[in-house]
Amino acid sequence: MSETQDFTPEAPAAAVATEAPAATFVPPAPAVDDITPVLEERAAALARSSDDDETSGETISIVVLVVGDERYGVDVQDVQEIEPLDKLTPIPGTPAFWAGVVNLRGSMYPVLDIERYLSLPAAEAAKNPKVALVSRGGLSVGLLVDEVAEIRKVRSSEIGPPVADGSSKAEVVRGVTPDMLSVLDLEALLADPALVVEDNAA
């Protein structure tokens, strides 16, 4: 009986209890678009390789968004999901670069038309446009894009200064990669006062 009494306090009950939350982590439900599983896979791979990045130079995973003839990169950690554009509801009285609002998983998000916001040359409308839901600093906005091309890793040291093209929105571009991928600065983009829509209703 003494052996039974000695065994009970040695059982790692507390350890088992503390390990349970980690085992119950449930990743976000996959989005309709095929890119979402890839986002999750690449994000996990990035986490596993973080130690190597510290010694070989910082790298970031970039989601490549296609808008007309241009390509823009967004940090994968800022991308919540990618969804096909469906049931976009226009908002009267807002600037032209606000395409409207869209319902994603029961929540309404404003959708920013990147082509109009950046004053890009008008291109032929995409057959299957998508909404990339991005979030930074507690703000979430859908970016209207033609397609999501890929997810790739980029060394921070390879991101050069933005190309001086006279654009009034140049400050929202963090920099450009050697193959001319413009990396967006979401913090600057979402902090742009021009995005604020004031309610002037009486």
Side-chain angles (χ1 to χ4, degrees), residues 21-50 59-68 70-91 94-95 97-118 120 123 125-154 156 159 169 172-174 177 181-192 195-197:
T24 57
F25 171 76
V26 178
V32 174
D33 196 88
D34 292 339
I35 196 68
T36 299
V38 180
L39 285 174
E40 296 174 352
E41 179 181 348
R42 292 298 178 87
L46 177 62
R48 291 195 298 270
S49 63
S50 59
T59 63
I60 58 176
S61 287
I62 296 292
V63 180
V64 179
L65 309 174
V66 178
V67 182
E70 304 295 330
R71 297 179 307 140
Y72 293 92
V74 177
D75 193 320
V76 70
Q77 297 185 42
D78 295 327
V79 179
Q80 303 302 306
E81 60 182 288
I82 306 289
E83 294 281 359
L85 180 63
D86 183 37
K87 296 181 180 180
L88 182 64
T89 304
I91 307 177
T94 58
F97 50 68
W98 282 119
V101 295
V102 67
N103 187 323
L104 297 177
R105 302 182 185 280
S107 297
M108 303 299 292
Y109 297 98
V111 178
L112 181 65
D113 187 331
I114 288 294
E115 183 178 85
R116 291 186 175 182
Y117 173 75
L118 296 176
L120 300 176
K127 294 182 179 180
N128 300 295
K130 294 177 174 56
V131 175
L133 182 64
V134 298
S135 181
R136 175 63 72 91
L139 297 175
S140 296
V141 170
L143 302 181
L144 178 60
V145 300
D146 294 342
E147 63 176 296
V148 178
E150 62 175 333
I151 299 177
R152 53 183 286 195
K153 281 193 175 183
V154 176
S156 295
I159 301 176
K169 301 299 182 183
V172 304
V173 177
R174 170 180 171 183
T177 64
L181 171 68
S182 298
V183 181
L184 291 177
D185 184 338
L186 277 185
E187 186 171 354
L189 188 155
L190 296 181
D192 185 352
L195 297 183
V196 178
V197 178

In the structure I gave you, are the side-chain heavy atoms of [X] and [Y] within less than 4.5 Å of one another anywhere?
| X | Y | value |
| --- | --- | --- |
| Leu186 | Asp75 | no |
| Val63 | Val148 | yes |
| Val67 | Tyr72 | yes |
| Val74 | Val64 | no |

If you measure from [atom1] on [X] to [atom2] on [Y], what distance do you get to the nearest 0.5 Å?
| X | Y | atom1 | atom2 | value |
| --- | --- | --- | --- | --- |
| Leu144 | Leu112 | CG | CG | 8.5 Å |
| Leu143 | Glu115 | CG | CD | 13.5 Å |
| Leu190 | Leu195 | CG | CG | 7.0 Å |
| Asp185 | Asp192 | CG | CG | 11.5 Å |
| Lys127 | Glu147 | NZ | CD | 12.0 Å |
| Glu83 | Leu133 | CD | CG | 9.0 Å |

I'd like to know if the side chain of Asp146 and the backbone of Gly68 have a donor-acceptor N/O pair within less than 3.5 Å.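 Yes, Asp146 side chain to Gly68 backbone: donor-acceptor pair under 3.5 Å.
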
Where do Asp78 and Ser135 land on the side-chain contact (heavy atoms from CB on, under 4.5 Å) test, with the steps shown first? CA-CA 5 Å; Asp78 295 327; Ser135 181; over 6 Å; no

How far apart are the closest heavy atoms of [X] and [Y], and which atoms are they?
| X | Y | value |
| --- | --- | --- |
| Ile60 | Ser156 | CG2-OG, 4.1 Å |
| Leu88 | Gly100 | CD1-C, 3.9 Å |
| Ala149 | Val66 | CB-CG2, 3.8 Å |
| Ser61 | Lys153 | OG-CG, 3.7 Å |

side-chain contact (heavy atoms from CB on, under 4.5 Å) between Arg174 and Ile159: does it pass, once the steps are laid out? CA-CA 8 Å; Arg174 170 180 171 183; Ile159 301 176; 4.2 Å; yes

Sort out for me which residue in Leu181, Leu65, Val145 forms a side-chain contact (heavy atoms from CB on, under 4.5 Å) with Arg71. Leu181

What I want to check is whether the side chains of Asn103 and Tyr109 have a donor and an acceptor closer together than 3.5 Å.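 Per modelled atom types, Asn103 and Tyr109 side chains form no pair under 3.5 Å.
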
Assess whether side-chain contact (heavy atoms from CB on, under 4.5 Å) is satisfied between Val154 and Thr59, documenting all intermediate values. CA-CA 5 Å; Val154 176; Thr59 63; over 6 Å; no

Checking Phe97 against Ile114 for the side-chain contact (heavy atoms from CB on, under 4.5 Å) test, could you report, in this order, the C-alpha distance in whole Å, the side-chain angles of both residues, the deciding distance, and whether it holds? CA-CA 7 Å; Phe97 50 68; Ile114 288 294; over 6 Å; no

